[in-house]
Amino acid sequence: MQRKARGVARLALLGLMAVLGALLVGSGVALGQGPPSDENHFRCYIISSQTPQAAQSITLEDQFTTEPRSVLVGEPVMFCPPTAKTRGDQSFPIEDEDEHYTLYTAPDTASPRNVLVTDQFGADVLWKLTTPKYVMVPTAKTIGGQTFDDRDNMNHYWCYEATGPRVGARLTLDDQFSGPDLVRVTTPTLFCVPAEKVHGEDTFPIEDEDLHLACYEIHGKQKTQQHTLTAENQFETDEWQTGPWEILCAPAEKALPAP
């Protein structure tokens with residue numbers, strides 16, 4: 001429900017920006033949209049213990065594919081709760097504490113391509129994407145007797161291996177597993193593109209084609225505490241243990257460089 005309300009507000013804002021943009025065209029003033037500021041950031045933790053399962057076949061189609069691609073989904077690799085982010089005097093709170101994602105292996109082949117990424121770390125930064133590596137799936141979490149579940153209206157993502165300029169930013173992260181933690185954001189590692197997913201007889205459409213996730217390696221002092229949770233998504237219901245955190249995924253937008 002929170003995502004739906006934010007989506008309606010965002011559409012209204014985009015409509016207003018389009019009107020303002022049209023009014024400003026004649027004056028030569030550019031009006032940039034920029035990344036959404038009311039979407040969650042996600043800190044992703046290694047899944048250190050889970051029940052092995054057989055690979056499952058799904059079909060994925062995103063903005064880069066020319067036709068649906070059949071891929072095999074392997075084991076869950078990382079679990080990503082929403083995290084609050086503070087950088088200097090800029091604060092990005094958790095917008096919806098019920099949104100969580102899981103990264104599963106879902107490799108495929110693809111031709112390298114360049115994209116221009118805009119997020120809170122930079123505007124129109126050139127990234128190089130190579131092969132798809134993971135599918136990112138909305139997941140419900142139950143921990144300590146409390147369930148966090150807002151899977152409706154969340155995108156599924158296909159995450160591509162990525163390289164780009166080093167960020168070198170220092171910031172504080174605080175989520176349901178750890179924090180506040182001072183971390184260093186270093187290099188891009190994944191760029192996650194909204195994808196339509198078909199699993200068996202179920203189709204999960206793209207909810208917001210403009211909302212991407214730009215994922216970076218993060219480094220800092222880690223606590224040794226593990227967390228046990230029950231995870232539920234379209235692939236499985238299982239008890240997992242999480243280990244150390246590894247990446248930060250920030251809301252982002254993309255553009256394609258001029259030919």
Indicate yes or no: at least one non-hydrogen side-chain atom of [X] is less than 4.5 angstrom from one of [Y].
X	Y	value
Leu171	Gln90	no
Thr230	Thr237	yes
Asp96	Pro82	no
Met136	Cys249	yes
Thr65	Leu60	no
Asp181	Lys221	no
Phe121	Leu248	yes
Phe148	Leu229	no

What are the two closest heavy atoms between [X] and [Y], and how far apart are they?
X	Y	answer
Trp127	Ala162	CE3-CB, 3.7 Å
Gln120	Ala250	OE1-CB, 4.2 Å
Pro81	Phe79	CD-O, 3.4 Å
Gln176	Glu97	NE2-O, 3.2 Å
Ile206	Ala195	CG1-C, 3.5 Å
Glu207	Met154	CG-O, 3.7 Å

Atom pair [atom1] ([X]) and [atom2] ([Y]), whose distance is rounded to the nearest 0.5 Å:
X	Y	atom1	atom2	result
Gln234	Gln56	CD	CD	10.5 Å
Trp245	Met78	CH2	CE	13.0 Å
Asp119	Phe191	CG	CZ	8.5 Å
Leu116	Asp124	CG	CG	5.0 Å
Leu182	Leu173	CG	CG	9.0 Å
Ile94	Asp174	CD1	CG	7.0 Å

Go through the steps for Arg43 and Ile218 under the test side-chain contact (heavy atoms from CB on, under 4.5 Å), then give the verdict.
-> CA-CA 9 Å; Arg43 178 163 42 166; Ile218 52 175; 4.0 Å; yes
Output, in order, the C-alpha distance, side-chain angles, deciding distance and verdict of side-chain contact (heavy atoms from CB on, under 4.5 Å) for Tyr45 and Asp175.
-> CA-CA 11 Å; Tyr45 294 75; Asp175 58 48; 2.9 Å; yes
Are the aromatic rings of His199 and Phe204 close, with centres under 6.0 Å apart?
->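 Here the rings of Phe204 and His199 have centres that are no less than 6.0 Å from each other.
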More than 12 non-hydrogen atoms from neighbouring residues, nucleotides or ligands closer than 6.0 Å to CD on Gln222, yes or no?
->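 Atom CD in Gln222 is packed in, count exceeds 12.
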Connected via hydrophobic side-chain network under 4.5 Å: [X] and [Y]:
X	Y	result
Leu103	Ile46	yes
Leu129	Tyr134	no
Tyr216	Tyr160	yes
Ile47	Tyr157	no
Val193	Leu256	yes

Determine yes or no for a side-chain-to-main-chain donor-acceptor pair under 3.5 angstrom, with [X] supplying the side chain and [Y] the backbone.
X	Y	value
Thr118	Glu253	no
His227	Phe177	yes
Thr86	Thr172	no
Gln53	Glu75	no

Cys44-Cys215 sulfur separation below 2.5 Å?
->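 Between Cys215 and Cys44 there is no disulfide, given that their SG atoms are not under 2.5 Å apart.
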Just by distance, with hydrogens left out, do Glu161 and Thr131 show a side-chain donor and acceptor under 3.5 Å apart?
->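 Side-chain D/A pair, Glu161 to Thr131: present.
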Return yes if a side-chain donor-acceptor contact under 3.5 Å exists between Asn40 and Tyr101, otherwise no.
->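 The answer is no; no qualifying pair exists.
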With a cut-off of under 6.0 Å to the ring centre and 45° to the axis, is Lys197 in cation-pi contact with Phe235?
->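 Yes.
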Regarding Arg113 and the six-membered ring of Phe64, is the cationic atom NZ or CZ under 6.0 Å from the ring centre and inside 45° of its axis?
->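 Flagged: Arg113 positioned over aromatic ring of Phe64.
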Where do Thr228 and Glu239 land on the side-chain contact (heavy atoms from CB on, under 4.5 Å) test, with the steps shown first?
-> CA-CA 7 Å; Thr228 301; Glu239 184 175 283; 3.6 Å; yes
Of Cys192, Pro194, Cys80, Cys159, which is the lone residue that meets side chain to side chain contact (heavy atoms under 4.5 Å, CB included) with Leu213?
->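 Only one option passes, and that is Cys192.
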Show your reasoning for whether side chain to side chain donor-acceptor pair (under 3.5 Å) applies to Glu236 and Tyr104.
-> CA-CA 12 Å; Glu236 61 180 322; Tyr104 286 83; 2.7 Å; yes
Audit row: Trp240, Thr102, side-chain contact (heavy atoms from CB on, under 4.5 Å) steps and yes/no | CA-CA 11 Å; Trp240 295 344; Thr102 303; 3.5 Å; yes
